[in-house]
Amino acid sequence: MKLLLALGAALAALALAPSALADACGLPDSGPMWVDFAGHDAPIPAKPGMVLAVASGTDTPQRMRSDGAATVLFDLNFNKRVGTTSNPADLSLIEARAKTFFDYAVSVTGCQTPMIAENELFGAQTPTPWSATNGQYRTNVLQFLTALTNLGARPLISIANPPYTASDDAKEWWRQVSKVAILLRQVYFTSPNAKGLYALGPAKASRTIRQSLRGLVNHLTQIGIPSNRVAIEMQFTSSPGLGVRAGLEPASSWLEVVKLEGLAVKEVVKEFKVQGVWSWGWATFNANATPDPDKPAAACVWLWIRSTDLCDAPKYAGQFDTSLTEGQLDLPPGVRCVFPDGQIDRNAVSRMTTLTGDAGYAASVLLEQAVLKAELPVAYESVLSAERAVVAASFGNDRARYRAALVNAKVTIADARAIIAARLERDDVEVRFKPRSPTATQIADFLTTYAQQPVRLVATTRIAPWLGNALKGFAVATLAPSEVFTLAGAGRIDTPDGPFDVTPLAAAIPLALLPHAQAVTAARAALERLARDAVYRTWLHAREQSRLDAGSCAGDQLPTPTATDLSAFVPFLLPS
């Protein structure tokens with residue numbers, strides 16, 4: 001509580017702070033601000049429209065401004081101002097240090113309201129309750145940032161580790177800091193790293209990067225911090241085999257990852273409207289480190305993503321994939337997801353959501369339908385036959401009642417037929433599977449469970465799933481169409497699995513009355529059908545995941561790859 005009172009007192013002084021002019025110092029007055037570290041030996045050019053961060057000096061920043069760029073200060077010695085978590089500075093020194101440092105920032109940037117990035121907050125991930133020294137350190141940080149703001153500066157505080165926000169005290173501290181400074185969240189891709197991202201391919205890598213960036217921003221916005229008080233700091237520190245490049249070769253592969261990161265951050269910035277994007281890692285601070293010869297090319301690609309006026313990467317960066325659309329969320333109007341071989345429309349998702357009540361499940365239904373249709377599209381005549389079976393079985397051949405049931409379920413005729421088609425296509429796919437034979441125990445359990453169910457020996461002219469994908473066998477009631485048991489002689493029946501020419505070969509009798517060998521045959525066929533369902537689920541998941549990996553969906557909201565079942569919503573369309 002004492003800590004929060006101290007923080008509140010520090011904030012009280014802010015009320016007297018003058019408002020900083022948004023367009024002071026040549027900085028952009030609207031939209032996300034893009035800032036690149038250009039100090040030391042960083043291969044970042046000074047051009048109009050660029051905002052360059054430097055760590056010190058006056059001559060170099062002045063030349064940058066003469067070339068049309070704006071300049072800001074990147075403070076690499078924040079610990080000298082406020083101390084550390086184990087050795088915090090004396091609180092009474094903070095105000096004077098802030099004034100001294102503010103004057104220094106003005107001299108470096110040539111601006112009376114300088115933008116200053118403080119690098120970096122120590123112990124961002126430390127849970128509460130904080131130790132006495134850590135609590136004092138946090139108070140110092142807030143006091144220093146508040147003092148800078150009161151003097152007219154525009155501070156940011158960079159954060160390398162996931163901020164601890166699980167307690168009320170911690171949340172309140174972050175919210176108070178966000179009122180006096182932009183929270184500059186550093187971004188590191190480690191799992192997967194650059195090598196892993198490149199191996200994913202452009203679609204999946206781009207989605208992974210976007211989702212990671214969203215997670216970093218959401219972590220702060222979910223505790224009440226406005227997104228415009230958050231900025232993103234992308235990392236490009238690299239040397240052969242080290243840094244965020246992680247030894248990724250050849251150079252074209254590394255440039256591809258830089259490109260995808262740039263495109264991803266542009267998308268997330270657009271979604272969240274964060275304050276800005278900073279890039280770090282272009283300079284070499286370790287004299288013993290081997291320079292990365294590809295750093296100028298990577299910097300060119302990073303700038304080119306923003307504007308071809310900043311750098312012509314296709315001309316100067318060497319050979320790399322220059323596509324700016326592959327893997328990106330550039331979806332046609334009205335499209336929810338797009339894949340190499342098809343798409344899912346928003347209207348279709350909306351209609352299916354009306355049925356299921358869940359947009360995510362609705363998208364999964366449509367994904368399964370798309371995979372099945374691409375694999376083994378069923379003939380339209382078979383769909384109509386199956387529909388006739390539905391009308392006969394559930395509505396006494398009364399199509400008016402059938403249509404009324406669809407209206408009541410809020411299902412269109414086209415969607416109903418798509419549901420039926422998926423059932424038929426699934427049957428055709430399952431025919432190809434060869435599951436393990438059922439065990440003796442499984443057969444015995446089946447014979448006990450279905451002992452009183454009628455069975456009938458029949459033959460068909462095409463493989464029937466309810467005969468265990470055979471042309472002849474024992475149909476078991478509840479697992480086979482009811483018409484099989486009412487046929488007086490050979491005839492055609494419409495079923496949810498399509499039309500079948502069926503010839504009865506014996507009268508129906510209870511399963512328990514069949515000779516044991518024949519009963520075992522009937523049980524095995526039925527159990528193999530159930531086993532094919534398990535194989536199907538594994539097969540479908542792999543096919544759907546492959547499609548998702550190569551496609552993209554609005555907001556990266558991907559359908560869950562899974563087998564779906566609509567029988568609870570429209571049981572008359574999907575009888576057993």
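The model shown is predicted, which means the values in this text are computed figures rather than measured ones.
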Salt-bridge present ([X], [Y]; N to O < 4.0 Å):
X: D533; Y: R529; result: no
X: E267; Y: K270; result: yes
X: R537; Y: E368; result: no

W278 CH2 to M234 CE distance, which is reported to the nearest 0.5 Å: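 With rounding to 0.5 Å, CH2 (W278) is 15.0 Å from CE (M234).
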Would you say the side chain of [Y] lies within less than 4.5 Å of the side chain of [X], judging by non-hydrogen atoms?
X: L447; Y: H516; value: yes
X: I344; Y: L367; value: yes
X: F189; Y: V257; value: no
X: L263; Y: S206; value: no
X: W466; Y: L479; value: no
X: Y402; Y: L573; value: yes
X: R207; Y: D549; value: yes

Plane angle bin for F320 and W304 - parallel if under 30°, tilted between 30 and 60°, otherwise perpendicular: perpendicular
Ring geometry between F395 and F572 (parallel below 30°, tilted from 30 to 60°, perpendicular above 60°):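 It falls in the perpendicular class, over 60°.
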Pairs involving residues 344-373, ordered by first then second residue, that meet ring pair (Phe, Tyr, Trp, His ring centres under 6.0 Å) (sequence neighbours left out): none
D358-T356 side chain donor-acceptor pair, cut-off 3.5 Å: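 No.
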Passing candidate, salt bridge (Lys or Arg N to Asp or Glu O under 4.0 Å) with E387, options R423, R399, R403: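 Among R423, R399, R403, the one meeting salt bridge (Lys or Arg N to Asp or Glu O under 4.0 Å) with E387 is R399.
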